Number of protein chains: 2
Amino acid sequence: MLDRKFVALADPTRRAILARLALGEATVSELQRPFGISQPAISRHLKVLEAAGLVEGGRAAQARPRRLKPEGLDAARAWLDGLRTLWSDSFEALDAFLANSRTEGADTR
Amino acid sequence: MLDRKFVALADPTRRAILARLALGEATVSELQRPFGISQPAISRHLKVLEAAGLVEGGRAAQARPRRLKPEGLDAARAWLDGLRTLWSDSFEALDAFLANSRTEGADTR
DNA sequence: GTTGTATATAACATAATAGTTATATAAAGA
DNA sequence: TCTTTATATAACTATTATGTTATATACAAC
């Protein structure tokens, strides 16, 4: 699932769609206009975004307005935060280690 | 640049490499072992990660130990946060709008 | 029921990605 | 200098992604 999210985010058109949806729901044809690409292309991007849990769609007459599922982004954010934490932990560990070496073996420098 | 970062993050092997590097620097051959793929494949993943500004490499004898550049992730995180903010802003705007309609036109419900 | 509008799906072309093996380069060490 | 070790690059292959046009479906409106 995480993989689908990151893959979905890798395409600039899809990120633009997400940004547009963050401003409010939009139909396929509303989304199509600003991007210079065909309607089927938009539909497929939306499918990818839905499969990734980032977007959901409703039904209003013939239109199928999509809206952002902002919780869908949490897993990706959490992964990035986790990396950060892992890294700063190991950084602190290294720091502690260096501080230790300095006091224990000050003559080796 | 943002694009390169997200593209870099889209591949599970590259995310695993990042996770490994978050624990401390590692050489190409050290990275190769756990993943069941060839050395050239690792080298190319590292190239992608470097181009994305997520990893940097040094030189130690023949080895070229890579380390995480955690600031490199900030832009991606910021983009995700921005979406969240955009969304909650428009959500609040909608909320305010609905609250308004309720008081101004209470008879329309 | 026929027409118009919104969207989805199929079929296809092209380009990008990720992997492979073989080979080149660069530094260490005998 | 010859060998070994570590990594990079080239050439190639297979798969996946993204776009296209043409067509199907679903609902609305007349």
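Reckoned from all heavy atoms, side chains included, excluding hydrogens, waters and symmetry mates. Chain letters run A, B, ... following the sequence lines, proteins first, then strands; residues in each count from 1. Treat the numbers as computed from the prediction; the structure is a model and nothing was measured.
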Indicate yes or no: at least one non-hydrogen side-chain atom of [X] is less than 4.5 angstrom from one of [Y].
{"X": "A/Leu54", "Y": "A/Leu73", "value": "yes"}
{"X": "A/Val55", "Y": "A/Ile17", "value": "no"}
{"X": "A/Val28", "Y": "A/Gln39", "value": "yes"}
{"X": "B/Leu83", "Y": "A/Leu21", "value": "no"}
{"X": "B/Leu49", "Y": "B/Lys69", "value": "no"}
{"X": "B/Leu86", "Y": "A/Leu68", "value": "no"}
{"X": "A/Asp11", "Y": "A/Val48", "value": "no"}

[X] side-chain N/O to [N] phosphate OP1/OP2 under 4.0 Å:
{"X": "B/Ser38", "N": "C/dT20", "result": "yes"}
{"X": "A/His45", "N": "D/dG19", "result": "yes"}
{"X": "A/Arg14", "N": "D/dT18", "result": "yes"}
{"X": "A/Lys47", "N": "C/dT7", "result": "no"}

Keeping to residues at least two apart or across chains, list the ring pair (Phe, Tyr, Trp, His ring centres under 6.0 Å) pairs with something in residues 4-38 of chain A.
->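 Applying ring pair (Phe, Tyr, Trp, His ring centres under 6.0 Å) to every pair that reaches into residues 4-38 of chain A, excluding sequence neighbours, yields A/Phe6-A/Trp79.
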Measure the distance from [atom1] on [X] to [atom2] on [N] and round it to the nearest whole Å.
{"X": "A/Ile42", "N": "C/dT9", "atom1": "CD1", "atom2": "C1'", "result": "16 Å"}
{"X": "A/Asp3", "N": "D/dT16", "atom1": "CG", "atom2": "C1'", "result": "13 Å"}
{"X": "B/Arg44", "N": "C/dG19", "atom1": "CZ", "atom2": "C1'", "result": "8 Å"}

Looking at [options], which one has an atom nearest to any side-chain atom of [X]?
{"X": "B/Ala63", "options": "D/dG19, D/dA6, C/dG19", "answer": "D/dA6"}
{"X": "A/Asp11", "options": "D/dT18, C/dG19, C/dA18", "answer": "D/dT18"}
{"X": "B/Ile37", "options": "C/dT7, C/dT20, D/dT20", "answer": "C/dT20"}

Proximity to DNA chain D (any heavy atom under 4.0 Å), residues of residues 23-35 of chain A only |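 None - not one residue of the stretch has a heavy atom sitting under 4.0 Å from the strand.
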So which protein nitrogen or oxygen atoms get under 3.5 Å of nucleotides 23-30 of chain C's nitrogens or oxygens?
| from | atom 1 | to | atom 2 | distance (Å) |
| --- | --- | --- | --- | --- |
| C/dA28 | O4' | B/Gln62 | NE2 | 3.4 |

Report the residue from A/Arg14, A/Arg66, A/Arg64 that forms a salt bridge (Lys or Arg N to Asp or Glu O under 4.0 Å) with A/Glu50.
->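 Of the listed options, the one satisfying the test is A/Arg66.
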